[in-house]
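Sequence positions, counted from 1, serve as the residue numbers for this chain.
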Amino acid sequence: MVITLNLADAFGAWERGDTPTARTIVRMVLRATPKLAGAHYLQGLLYLGEGQPSKAVQALKNAALYGPDSPALRLAMGRAYALGGAGGQAEDQFRQTLALAPGLPAALWSLSDLLMKAERGAEAEPLLLALIAARPDDALAWERLGVLRRARGDSAGALAAFTEAATRLPDHPRTIGNLAAGLIEAGRAEAALLRIAPALAAYPEDAGLIRNQALALVRTGQAVAALPLYDGLLAQAAAPDLSRDYAQAIILAGRPSEAVMVLTAVTDAAPEDLKSWFLLAEAARAAGEPERAATAYRQCLVLDPADTLGASPALALLGGEDGPSQLPTPYLKSLFNDYAARFDLELTEKLQYRGPQVLRTLLDRHSARRDLRVLDVGCGTGLSGEPFCDVAASLIGIDLSPAMLAQAEARGFYTRLIEGEAVATLADLPAGSIDLIVAADVLVYLGDLSDFHRQAARVLAPGGLLLASIEAHSDSETSYSLHDGLRYRHGAAGLERVLAAAYRIIALAPVTTRLNRGQPVAGLAYLAERGNAPG
C-alpha cells in the first residue's frame with residue numbers, strides 16, 4: 001500500500017510539473033520494488049521530458065517487461081524512439097498503439113507527424129483526417145492538414161484546411177498567417193490583407209504576419225508600401241528568400257537598379273541560390289544591363305541544366321533571337337504548378353480570359369455534331385474543357401502540371417486525365433481515336449507547330465476537327481516568334497502553311513481571348529478538319 005501511494009504521489013507531482021519530486025519518489029519506489037512496471041513507465045516519461053531518448057526507451061522496455069501491454073506504453077515508446085531519431089521503430093510503436101486503441105488522437109497525431117517529417121505526406125493525410133473526424137475542433141490538426149496539402153501542391157485543399165483552422169483559432173498569429181498565405185496563393189491578396197489587419201493589431205511584431213502583409217501589398221499593386229515592411233524584416237534576420245521578395249517589390253516599384261544591388265549581394269553570399277540568380281537576371285534586364293543579365297541567366301543554366309525557370313528562352317530573347325522552337329518542359333511544368341491555385345481567378349477576372357467560349361462559338365457556327373470523343377490539350381484546371389461537356393461523349397484532358405490536373409479532376413467531368421507534354425502525349429494515343437481536339441491558348445507555348453499538327457491529325461478520326469487559339473503575329477508570314485512574356489506569336493499565313501499538310505481549314509478568324517496590362521491581345525482562332533493524316 002505504501003508503494004502504491006508513493007507511486008500515485010509521483011504521478012501527481014509529474015502531472016503538476018514538479019519533476020524533481022516525481023523523480024525522487026520513482027527512485028525510492030524502484031529501490032524498494034525493482035520490478036514495478038508503473039514506476040518504470042513514469043521513469044521513461046521523465047527521461048522523455050528531459051530529452052534523454054535512450055534512457056527513456058530502456059525504462060519503457062522495463063515497464064513492458066514487468067507489466068501488461070497498453071496503448072499509453074506503446075505511445076510513449078514511439079515518442080522516445082522518434083526523439084532519438086529511430087523513425088522505423090517509432091512508426092512500429094505508433095502503429096501498435098493504434099492496433100490496441102484504434103482512433104486514439106494522440107497516436108494519430110504522433111504517427112502523422114512522423115510520416116510528414118519523413119516526406120510521406122500521402123500516408124499522413126488519412127491519419128489527420130481520422131484525427132479531425134474524432135476531434136473536429138482541433139485547430140492544430142486542421143492547420144497540419146493545410147501544411148501537408150500545400151506541400152503536395154493542393155493549394156485549394158490547403159486553403160480550405162487553413163480556413164477551418166483559423167475559424168477555430170482566430171486569434172493565433174500562425175493560423176492567420178497560414179490562412180493569409182493560402183489566400184495570396186489563390187490570387188485573393190485583398191482578402192488576405194483584410195484577415196491580416198486585425199491580427200497585426202494584436203501582434204504588431206509578428207514577422208510571419210508582416211511578411212504576408214508585404215507580399216499581399218505587392219500582389220495588389222502596392223509594392224512601394226511593401227518596401228518599408230521588408231526593410232524592417234531584413235533588419236531583424238536576412239535570408240535569401242526574403243531578399244528575393246524584397247527585390248521583386250523593388251522591381252515592381254520601378255527601381256530595378258536597386259534590385260540588382262540587393263540581388264548581387266544575395267548571390268555573392270549564396271552562390272547556389274538559383275532563384276536569386278534568375279531574379280538578378282530579370283532585374284538587370286529591366287535596368288538596361290544586358291551583359292549582366294546574360295551572365296546571370298547563364299549561371300542559372302549552370303545550376304539548373306533542366307531550366308525550370310526559363311533562363312534559356314530569356315537568354316535567347318536578350319540576344320535578339322526569335323527563341324527556341326519550344327519552351328523547356330520543366331519550365332512550363334514548374335510555371336503552371338506554381339500558378340494553379342490562382343489560375344482561374346486571375347484569368348477570368350484580371351485577364352478577362354474567354355478563350356474556351358470563343359472556341360465554342362466558332363465550333364457551333366460551323367458544326368452541329370454531338371457525342372464527340374473530345375481531347376482537351378493543355379486542359380489546365382478544366383476551364384478550357386467545361387464549355388464542351390455537352391457535346392462530348394467522352395472528354396480526355398492532357399496537361400503537364402500535376403497541380404493543374406488535380407483541380408481539373410475535382411471538376412468531375414473528365415473521363416480521363418493524362419499528365420504529359422502535348423506532342424509526346426499525342427504521339428502515344430491511338431490513331432483515329434478522337435473526334436475533336438481542343439487547344440485553347442496552349443499552342444502559345446510551342447514555337448514550331450508542325451509536330452503538334454502532325455500528331456493531332458494522326459489521332460483524329462477521318463473528318464475529325466481541330467479547334468485552337470493562338471496569339472497573332474503582326475507579320476502574317478512569320479512562322480513563330482517568342483516575345484517577352486515567354487509566349488509565342490504565330491503569323492496567319494505561316495499557320496496556313498503548317499495546316500495545309502493534313503487539314504482543310506474551315507475557319508480562321510482574328511479574335512481577342514484575353515487582356516494583357518489592360519490591353520486586348522491580338523489572337524487567331526481556327527477550326528480545321530483532318531484531311532489526309534500522315535502515318
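Using a 4.0 Å cut-off between a side-chain N of Lys or Arg and a carboxylate O of Asp or Glu, R370 and D390 do not qualify as a salt bridge. Ion pairing between R514 and E471 holds under the 4.0 Å rule for side-chain N and carboxylate O. Here R211 pairs with D245 in a salt bridge; the nearest charged N to carboxylate O distance falls below 4.0 Å. Taking 4.0 Å as the cut-off between side-chain N and carboxylate O, E164 and R168 count as a salt-bridged pair. The pair R195-E190 does not count as a salt bridge, with every side-chain nitrogen at least 4.0 angstrom from each carboxylate oxygen. Ion pairing of D154 with R150 is absent here, as no side-chain N (NZ or NE/NH1/NH2) approaches a carboxylate O to less than 4.0 Å. R497 and E477 are joined by a salt bridge, as a carboxylate oxygen and a charged side-chain nitrogen come within less than 4.0 angstrom of each other. Using a cut-off of 4.0 Å between Lys/Arg side-chain N and Asp/Glu carboxylate O, D344 and R411 are scored as salt-bridged. Remark: E125 engages R149 in a salt bridge, criterion side-chain N to carboxylate O under 4.0 Å. Ionic pairing of R342 and E185 is not present here: no N-O contact between side-chain nitrogen and carboxylate oxygen is shorter than 4.0 angstrom.
The backbone N or O of A165 lies less than 3.5 Å from no partner atom in the side chain of T175, so there is not a single donor-acceptor pair. Between the side chain of Y297 and the backbone N or O of G310 there is no donor-acceptor pair closer than 3.5 Å. Checking side-chain atoms of D206 against main-chain N and O of L209 turns up a donor-acceptor pair under 3.5 Å. The closest donor-acceptor contact from the side chain of T220 to the backbone of L217 lies under 3.5 Å. Side-chain atoms of R360 come within 3.5 Å of backbone N or O of P387 as a donor-acceptor pair. Side chain of R530 to main chain of L460: a donor-acceptor pair is present (N/O by atom type, distance under 3.5 Å, no hydrogens or angles). For W277 (side chain) and P271 (main-chain N/O), a donor-acceptor pair under 3.5 Å exists by modelled atom type.
Around atom CD of E409, no more than 12 heavy atoms belonging to other residues, nucleotides or ligands sit under 6.0 Å away.
Using the six-membered ring where Trp is involved, Y480 and H490 have ring planes that are tilted, between 30° and 60° apart.
In summary, the side chains of S450 and D448 do present a donor paired with an acceptor at a separation below 3.5 Å, with no hydrogens or angles considered. Between R292 and T264, the side chains place a donor N or O and an acceptor N or O closer than 3.5 Å (distance only, hydrogens not considered). Between the side chains of R458 and Q455, at least one donor N or O lies within less than 3.5 Å of an accepting N or O. In this model, a donor atom of one side chain and an acceptor atom of the other lie less than 3.5 Å apart for E143 and N178.
With sequence neighbours left out, E349 forms a side chain to side chain donor-acceptor pair (under 3.5 Å) with no residue at all. A search for side chain to side chain donor-acceptor pair (under 3.5 Å) contacts involving E496 returns nothing, not counting sequence neighbours.
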| request: Start with the C-alpha gap between R416 and S394, add the side-chain angles, then the distance that decides, and say whether side-chain hydrogen bond (donor to acceptor under 3.5 Å, both in side chains) holds. | output: CA-CA 8 Å; R416 180 187 175 197; S394 63; over 6 Å; no
| Run the ring-ring contact (aromatic ring centres under 6.0 Å, His included) check on Y445 and F336 step by step: do they pass? | CA-CA 12 Å; Y445 299 104; F336 286 106; 5.4 Å; yes
